[in-house]
Amino acid sequence: MSSYVDSVLAPGEQIVHRCAVSHWKFALSYLIGALCFVGAAVVVYMNWQRAALIALVLVVIGIVVIMIALIRRGTTELVLTDRRIIAKRGFIARATVEMTLSKVESLHVNQGLVGRMLDYGDVTVVGTGSSLEPLRGISGPLELRRKLGEIATTAPTRSG
């Protein structure tokens, strides 16, 4: 299955940089899932009454929590092409925003201390008259900013 961005590229349009949501954004979900697995193991070890049922419920909850996080991560795209920025979120209910590079005024990156150490942050693209809703927990946000700067300096100036 191809990505949304690959299906909407114009002829000759090239992808310059592709971002993903950092796994760190979903660390709490992964932790909850892992704790459910540990809880299931403890229940089986303690040999409580109905241990198998309780362990099964905990394992299913752990799997569901982790799968939701992985699906949310996998269905969020932020792509910089040589012509525009494309953001897409969602699987069943999809929200997409596209902004041509000529309309981009700036790219805001917000990183806390932990985000700086683990190389993730929130990215907001500001354009003339509007801005994209911040994409939270993007991996390598400074690389995206650097690539956007490279395109801006190498793009031919258009006189109108």
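All of these numbers come straight from a predicted model, not from anything done at the bench. Atoms considered below: every heavy atom in the structure, side chains included; atoms not considered: hydrogens, waters and symmetry mates.
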Looking only at non-hydrogen atoms, find the nearest pair between [X] and [Y] and report the distance.
| X | Y | value |
| --- | --- | --- |
| Val109 | Pro141 | CG1-CB, 3.6 Å |
| Ala10 | Arg83 | CB-NH1, 3.4 Å |
| Ala55 | Val43 | N-CG1, 4.2 Å |
| Asp122 | Gly137 | OD1-N, 3.1 Å |
| Leu101 | Thr81 | CD1-O, 3.5 Å |
| Gly127 | Met99 | CA-SD, 3.6 Å |

Quick check on Lys88: does its NZ atom have over 12 non-hydrogen neighbours (other residues, nucleotides or ligands) under 6.0 Å away?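 Check passes, neighbour count above 12.
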
Heavy-atom side-chain proximity of [X] to [Y] below 4.5 angstrom:
| X | Y | value |
| --- | --- | --- |
| Val8 | Glu98 | yes |
| Leu144 | Leu148 | no |
| Phe26 | Val21 | yes |

Single-linkage hydrophobic cluster, 4.5 Å side-chain cutoff, [X] and [Y] together:
| X | Y | answer |
| --- | --- | --- |
| Leu35 | Val57 | no |
| Leu142 | Leu80 | yes |
| Leu31 | Tyr120 | no |

Pick one: which of Ile151, Val125, Val126 meets side chain to side chain contact (heavy atoms under 4.5 Å, CB included) with Val104? Val125

Report the C-alpha distance between Arg84 and Lys103 in whole Å, list the side-chain angles of each, state the deciding distance to 0.1 Å, and finish with yes or no for side-chain contact (heavy atoms from CB on, under 4.5 Å). CA-CA 9 Å; Arg84 58 190 165 156; Lys103 301 287 185 195; over 6 Å; no

What's the verdict on side-chain contact (heavy atoms from CB on, under 4.5 Å) for His23 and Leu70, showing C-alpha distance, side-chain angles and the deciding distance? CA-CA 9 Å; His23 280 291; Leu70 291 173; 4.2 Å; yes

Take Tyr4 and Ile86 through the test side-chain contact (heavy atoms from CB on, under 4.5 Å) and record every step on the way to the result. CA-CA 10 Å; Tyr4 167 79; Ile86 304 169; 4.0 Å; yes

Do the charged groups of Asp6 and Arg18 touch, with an N to O distance under 4.0 Å? yes

Between Glu77 and Arg89, is there a side-chain N and carboxylate O pair less than 4.0 Å apart? no

Could you walk me through whether Leu58 and Phe37 pass the side-chain contact (heavy atoms from CB on, under 4.5 Å) check? CA-CA 7 Å; Leu58 286 173; Phe37 297 149; over 6 Å; no

